[in-house]
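See below for the structure under consideration.
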Amino acid sequence: KTLRMKNMATNTKSIPKQKNTYYFIFYLTLSIPLVFLGLISLNIITLNRSLLTILGIIAIVIISALAIADLRKLLLVLVLYIPFSRLLTGDFGTGMWALNLTNIFLIFIIFSLGVEKLKSNISLMPKSSITIPIILFCLFSAVSFMRGGLYFGYTYLGHFISPLKEWLTPISFFFIFLIAIKDKNDIKRIVTLITLITIGIAVLVVFEYLSVRGAEDMEKMRIGTIFDQPNDAGAFFVYYSFILIGFFLTYMHSFKHWLLILPITVCARALMYTYSRGAIVAFVCAGLFIAFVKNKLVFVLLCLLIILALFNPSILPSSLYKRFSSTFTEDTTIYQQGFEEQFEVSAKTRLIIWEGAINMIKDNLFFGVGYGVFPYLISSYAPVGKRDAHNTYITITAELGIIGMIVFLWIMILIFKNAWFVYKKSNDKFLKAFALGFLASLVGLLICNIFGSRLDTQETTGFFWILAALIFKSKELIKKGASA
């Protein structure tokens, strides 16, 4: 009997090792499509319609098989696909917006969750403090969409249904992952995969930059890679690079974790190659936040370094200095000009748009003008053409109304509050490091969206809502004592 009990204990200990080995092999398998997608983004591999159709069929077979066999692995494949969803939509070359891999993923995931519901009676409506605010925000978005239809009729409804879906789909990821994730190991696997993908995309940016460096026009040197838009690429690295930094700061007493400096440097370099001023400012602010939380002395030193850079910009890389100095005019009569006149055209136009947006908000204070309508109405409030607000908070307030803005801020506060809880209360070092990095990422996200609308694309914000779900799941596990 004693021997049998020893054998059972040995077998029980071997199960986690076998499972970790299995997932390691699964990660290696995922690296193959990651490299393939990278080669596509660098235009080393080009796809015609026939190849797109074949790849789409293969993807459907894999997705359906994983939906039946293992939902968690299907979620890992979805995580791999999200940042590349614009590059490879998976519409089989038809151009139909409703036929794409994202929708196929969602259909099979919902099917798999339904099967789990029948087997284990899991709750498909998570009991969380953030559930009601998110549902309210989605409802406000839908109502705003209908209000937009009042301005432009059926043509508007047909044109903006796709952007609305792209706006709400990443939020749906939050509920999917909050429901599907079961334990700390699931959280670790997803966080690890997201950091690896972030590093991979950073490497892509660096390689792409090598082909354009030295160009006379700085705009040609700005790298957008798989996001097309350099500002979106910059936002991506602000949102997710700090997960790596959180791990480095938490595990820095371990010599092997100093190797994280290399991928952190690559991500920072990739951010710089986007030459996104808003993203760089947000990255610096998030860096100050994480330093303040982790080490007050480092925070003071960073503040002194920033002050030194402000008074002596020559210490900055020349291209970075040139990018930021271009924000202001070089006219010798600058001190005789008004505040707005001191800015170059891009920054000056934003100030004009923001002034007009304030008047638009005043006229439609509670319920806004309607989803997506802002660019079409701003010319009635400012001397500009069809232009984006270049500010997420102004866009939400103008289109969804002040109530929609309050609900959005409510959601962000709840996410921050829960991330702070995980950071302070978790006994698990991995979860603590993850929460620390995510807190800085959230600060960076909030600041980055002051300078642009960087929450309206799936490939940029999909990871954010997934990581937010993992934070809430981590809190749930901590309260249950599962992370001890």
Side-chain angles (χ1 to χ4, degrees), residues 130 133-134 136-138 140-145 148 160 163-171 173-174 227-240 274 276-283 285-286 346-347 349-358 360-361 364-365 367-378 381-382 384 386-416 440-465 467-468:
I130 203 172
I134 288 182
L136 283 176
F137 186 73
C138 292
F140 269 107
S141 298
V143 171
S144 176
F145 173 70
F160 279 95
L164 177 67
K165 178 187 172 297
E166 191 170 7
W167 168 254
L168 296 178
T169 296
I171 300 176
F173 295 157
F174 175 89
F227 306 99
D228 290 337
Q229 227 284 344
N231 291 325
D232 286 343
F236 180 87
F237 292 115
V238 172
Y239 297 174
Y240 311 118
T274 67
S276 172
R277 290 168 294 194
I280 293 171
V281 169
F283 189 87
C285 292
S346 174
T349 302
R350 293 189 187 196
L351 292 176
I352 294 172
I353 292 172
W354 292 349
E355 287 182 2
I358 292 172
M360 184 190 297
I361 290 168
N364 304 272
L365 185 60
F367 299 103
V369 296
Y371 178 81
V373 175
F374 181 93
Y376 298 91
L377 287 187
I378 187 59
Y381 294 90
V384 294
K386 178 186 172 184
R387 299 296 295 268
D388 177 68
H390 294 289
N391 183 302
T392 294
Y393 308 102
I394 288 177
T395 300
I396 292 176
T397 308
E399 296 186 348
L400 274 67
I402 190 69
I403 300 175
M405 186 70 248
I406 291 172
V407 174
F408 174 78
L409 292 177
W410 182 14
I411 292 169
M412 294 298 112
I413 290 170
L414 286 174
I415 293 174
F416 185 93
S441 297
L442 179 56
V443 170
L445 179 146
L446 293 172
I447 294 172
C448 192
N449 280 275
I450 295 174
F451 306 104
S453 302
R454 310 284 173 243
L455 282 176
D456 55 358
T457 59
Q458 176 178 301
E459 58 273 15
T460 306
T461 61
F463 283 176
F464 169 74
W465 290 104
L467 293 173

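Just so you know, these numbers use all the heavy atoms, side chains as well, and skip hydrogens, waters and symmetry mates.
- A tilted orientation is assigned to the rings of Phe408 and Phe137, their planes being inclined by 30° to 60°.
- Sorted by first and then second residue, the pairs that involve residues 456-465 and meet salt bridge (Lys or Arg N to Asp or Glu O under 4.0 Å), not counting sequence neighbours, are Arg86-Glu459.
- Ile415 places a side-chain heavy atom less than 4.5 Å from the side chain of Trp465.
- Residues Cys138 and Leu168 come closest through the heavy atom pair SG-CD2, 4.0 Å.
- Sorted by first then second residue, the salt bridge (Lys or Arg N to Asp or Glu O under 4.0 Å) pairs that include residues 396-409, not counting sequence neighbours, number zero.
- By the 4.5 Å heavy-atom criterion applied to side chains, Trp167 and Leu455 are counted as neighbours.
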Could you go through Leu400 and Ser141, starting from their C-alpha distance and side-chain angles, then the distance that decides it, and tell me whether this counts as side-chain contact (heavy atoms from CB on, under 4.5 Å)? CA-CA 7 Å; Leu400 274 67; Ser141 298; 3.7 Å; yes
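- In this structure, the separation between CD1 on Ile403 and CZ on Phe367 is 4.5 Å, given to the nearest 0.5 Å.
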Let me see the working for Phe451 and Asn391 under side-chain contact (heavy atoms from CB on, under 4.5 Å), right down to the final yes or no. CA-CA 5 Å; Phe451 306 104; Asn391 183 302; over 6 Å; no
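- A distance of 6.0 Å separates CZ of Arg454 from OG of Ser276, quoted to the nearest 0.5 Å.
- Within the 4.5 Å cutoff, no side-chain heavy atoms of Thr169 are placed close to those of Glu166.
- Atoms CG and CD1, on Leu414 and Ile134 in that order, are 8.5 Å from each other to the nearest 0.5 Å.
- Contact record, Asp232 with Ser453: OD1-O, 4.5 Å, taken as the closest heavy-atom pair.
- Closest non-hydrogen pair, Thr274 versus Ala233, comes out as CG2-CB, 3.8 Å.
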Apply side-chain contact (heavy atoms from CB on, under 4.5 Å) to Cys448 and Phe283, showing your working. CA-CA 8 Å; Cys448 192; Phe283 189 87; over 6 Å; no
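- Ala279 and Val238 make their closest contact through O-CG2, 3.2 Å (heavy atoms, listed as atom of the first residue, atom of the second, distance).
- For the pair Pro170 and Phe464, the minimum side-chain heavy-atom distance is 4.5 Å or more.
- Within the 4.5 Å cutoff, the side chain of Thr457 has heavy atoms near those of the Thr460 side chain.
- From Ser441, atom OG reaches atom CG of Leu467 across 7.5 Å, with rounding to the nearest 0.5 Å.
- More than 12 heavy-atom neighbours from other residues, nucleotides or ligands sit within 6.0 angstrom of CZ on Phe416.
- Across all their heavy atoms, Ala389 and Ile394 have their closest contact at CB-CG2, 4.0 Å.
- Applying the side chain to side chain contact (heavy atoms under 4.5 Å, CB included) criterion to Ala398, with sequence neighbours excluded, gives Met360, Ile361, Phe374.
- Side-chain contact between Arg277 and Ile280 is absent, with no heavy-atom pair separated by less than 4.5 Å.
- Ile378 contributes atom CD1, which lies 10.0 Å from atom CD of Glu355 (distance to the nearest 0.5 angstrom).
- Taking CD1 of Ile450 as the start and SG of Cys285 as the end, the distance is 8.0 Å to the nearest 0.5 Å.
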Start with the C-alpha distance between Tyr393 and Leu446, add both sets of side-chain angles, then the distance that settles side-chain contact (heavy atoms from CB on, under 4.5 Å), and finish with yes or no. CA-CA 9 Å; Tyr393 308 102; Leu446 293 172; 3.5 Å; yes
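- Checked against a 6.0 Å centroid threshold, the rings of Phe227 and Phe236 count as neighbours.
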